[in-house]
2 protein chains.
Amino acid sequence: MSKHQKEMALLKEHLGKHQLKYTRQRELILDAFLKQEHITAEELYHQLARKDPHLGLATIYRTLNLFCEAGLAQARHFGTQTQYDNVSHKGHHDHLICTECGKIVEFENCDIERLQEEVAARNGFVIKTHRLELYGLCSRCQH
Amino acid sequence: MSKHQKEMALLKEHLGKHQLKYTRQRELILDAFLKQEHITAEELYHQLARKDPHLGLATIYRTLNLFCEAGLAQARHFGTQTQYDNVSHKGHHDHLICTECGKIVEFENCDIERLQEEVAARNGFVIKTHRLELYGLCSRCQH
DNA sequence: ACGCTAATTGAAATGGGTTATCAATTTCAA
DNA sequence: TTGAAATTGATAACCCATTTCAATTAGCGT
């Protein structure tokens, strides 16, 4: 019995509406996907290789894109790869990055998020996710 | 005589520091690049094809990456392509991005920037630049 | 101005991530 | 259970970007 009842129901609802089918692979991928905050197709592929060595990479990509259409995931392009964010996992954090030593500090700021919503509303947008990165020098690298 | 004295000086400073050379191609690409807010390598390639049909795409990519290292440009991955933002054009410009149709709205918000400074200070950082992207649906794509 | 060395270039090959193709398999409604 | 339609896995194709490499060019010292 799965621990992800709500998400599985959402997926099945989407499948039903679009004449799509509920398969063993989609269940496997959903369970693995929901355990993380965000993941790439390749990472998921390697994780699942132990459970089912015959599960193809193409199926992972197809299924992750399906999750995006169903509203369970959101694609985010980062570097050369695509990160698939787990929408049900709300703990979003932004990053402070030191351009000198590479140190990364995670933070969360409600006030910033509220202002983001205001900016979006002013432009008729509805925000699904965001990305905020502050680049600079950490205390040790300011010499 | 170029209209982009400041940026050209910045580039030459970077070149000097790294034993790189100032070439006709780099000057051509810089002039064209600075005329836009953001552009892809392919677009720049086609724009410049008229001025110099022999200018290779690889050179465009190499030069845009050079601009990023020199602080004149900033790479931003959207969809399958990379957008190169003109940093000098508007200091910091942030983006509202529609994940459905790709529409991009640029904005600036002093309050957000101030809060960013506060977060940075609290963590001992001095910010040099930042990147803020809000992903969602524009008014037309919300149904 | 000349020559030398190292950086740069253009063209093409290569690379990495993602999507399309297609025959075989599986789902699910009738 | 049966059959039409969707899905799968393997692989080829794609696209954007980077690397390779021989030929060219910049820029220093002379």
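A, B, ... follow the sequence lines: proteins, then strands. Residue 1 opens every chain. Keep in mind that this is a model prediction, so the values were computed, not measured.
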**Q** Let me know the distance between CD1 of Ile60(A) and C1' of dA10(D), rounded to the nearest Å.
**A** 14 Å
**Q** Tell me whether the OP1 or OP2 atom of dG10(C) has a side-chain N or O from Gln25(B) closer than 4.0 Å.
**A**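 Looking at the OP1 and OP2 atoms of dG10(C), one of them is under 4.0 Å from a side-chain N or O of Gln25(B).
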**Q** Is Arg131(B) salt-bridged to Asp94(B), going by a charged N under 4.0 Å from an acidic O?
**A** no
**Q** Any side-chain N or O of Arg26(B) less than 4.0 Å from the OP1 or OP2 oxygen of dT8(C)?
**A** yes
**Q** Of the options His38(A), Gln74(A), Arg76(A), which is the one that meets Gln83(A) in a side-chain hydrogen bond (donor to acceptor under 3.5 Å, both in side chains)?
**A**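 Result: among His38(A), Gln74(A), Arg76(A), His38(A) is the only option passing the side-chain hydrogen bond (donor to acceptor under 3.5 Å, both in side chains) with Gln83(A).
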**Q** Using OP1 and OP2 only, check whether a side-chain N or O of Gln19(A) sits under 4.0 Å from dC28(C).
**A** no
**Q** Separation of His77(B) atom NE2 from dG16(C) atom C1', in whole Å?
**A**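 Rounded to whole Å, this separation is 13 Å.
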**Q** Let's test this: given Watson-Crick or G-U wobble pairing with both distances under 3.5 Å, identify the partner of dC28(D).
**A** dG3(C)
**Q** Contact class for Thr40(A) vs. all strands (heavy atom < 4.0 Å): base, sugar-phosphate, or nothing?
**A**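 Result for Thr40(A) = nothing.
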**Q** Ignoring the backbone of Ala58(B), work out which of dA26(D), dT11(D), dA12(C) is nearest its side chain.
**A** dA12(C)
**Q** Counting side-chain heavy atoms from C-beta on, which of dA6(D), dG9(D), dT9(C) comes nearest to Arg62(B)?
**A**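 Nucleotide nearest to Arg62(B)'s side chain: dT9(C).
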**Q** Whole angstrom is fine here: how far is it from CG in Leu30(B) over to C1' in dT8(C)?
**A**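 So the CG-C1' distance, Leu30(B) to dT8(C), works out to 17 Å.
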**Q** In whole angstrom, what separates Lys12(A)'s NZ from dA6(D)'s C1'?
**A**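 In whole Å, dA6(D) C1' and Lys12(A) NZ are 17 Å from each other.
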**Q** Is the distance from OP1 or OP2 of dG9(D) to the nearest side-chain N or O of Thr59(A) less than 4.0 Å?
**A** yes
**Q** Could you give the CD-to-P distance, from Glu27(B) to dA26(D), as a whole number of Å?
**A**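 Checked: the CD to P distance equals 11 Å.
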**Q** Name the nucleic acid region contacted by Leu55(A), choosing base, sugar-phosphate or nothing; use a 4.0 angstrom heavy-atom cut-off, strictly under.
**A** sugar-phosphate
**Q** DNA chain D: Pro53(A) or Thr82(B), which has the more 5' nearest nucleotide?
**A** Pro53(A)
**Q** Could you check whether any side-chain N or O of Asn123(A) sits under 3.5 Å from a backbone N or O of Val119(A), counting only pairs where one atom can act as donor and the other as acceptor?
**A** yes
**Q** Name the closest nucleotide to the Lys21(A) side chain, picking from dG10(C), dA6(C), dT7(D).
**A** dT7(D)
**Q** Quick one: is Tyr61(A) getting a side-chain N or O under 4.0 Å of the dT19(C) phosphate, OP1 or OP2?
**A** no
**Q** Just to verify, which of Leu48(A), Thr40(A), Asn65(A) counts as forming a side-chain contact (heavy atoms from CB on, under 4.5 Å) with Ile60(A)?
**A** Leu48(A)
**Q** Find the distance between CD (Gln81(A)) and CD1 (Ile39(A)) and round it off to the nearest 0.5 Å.
**A** 11.0 Å
**Q** Taking only N and O in the side chain of Thr80(A), is any of them less than 4.0 Å away from OP1 or OP2 of dC16(D)?
**A** no
**Q** Leu64(A) CG to dT8(D) P: how many Å, rounded?
**A**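 That distance rounds to 12 Å.
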**Q** Given atom CG of Leu20(A) and atom P of dA29(C), what is their separation to the nearest angstrom?
**A**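 Atom-to-atom, Leu20(A) to dA29(C), this comes out as 12 Å.
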**Q** Nearest 0.5 angstrom please: Leu64(B) CG to Thr82(B) OG1, how far?
**A**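 OG1 of Thr82(B) is found 10.0 Å from CG of Leu64(B).
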**Q** So, does Thr23(B) get its side chain near the phosphate of dA26(D), meaning an N or O under 4.0 Å from OP1 or OP2?
**A** no
**Q** Would you kindly give the CG-to-C1' distance between Leu28(B) and dA26(D), to the nearest whole Å?
**A**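 Leu28(B) atom CG is separated from dA26(D) atom C1' by 16 Å.
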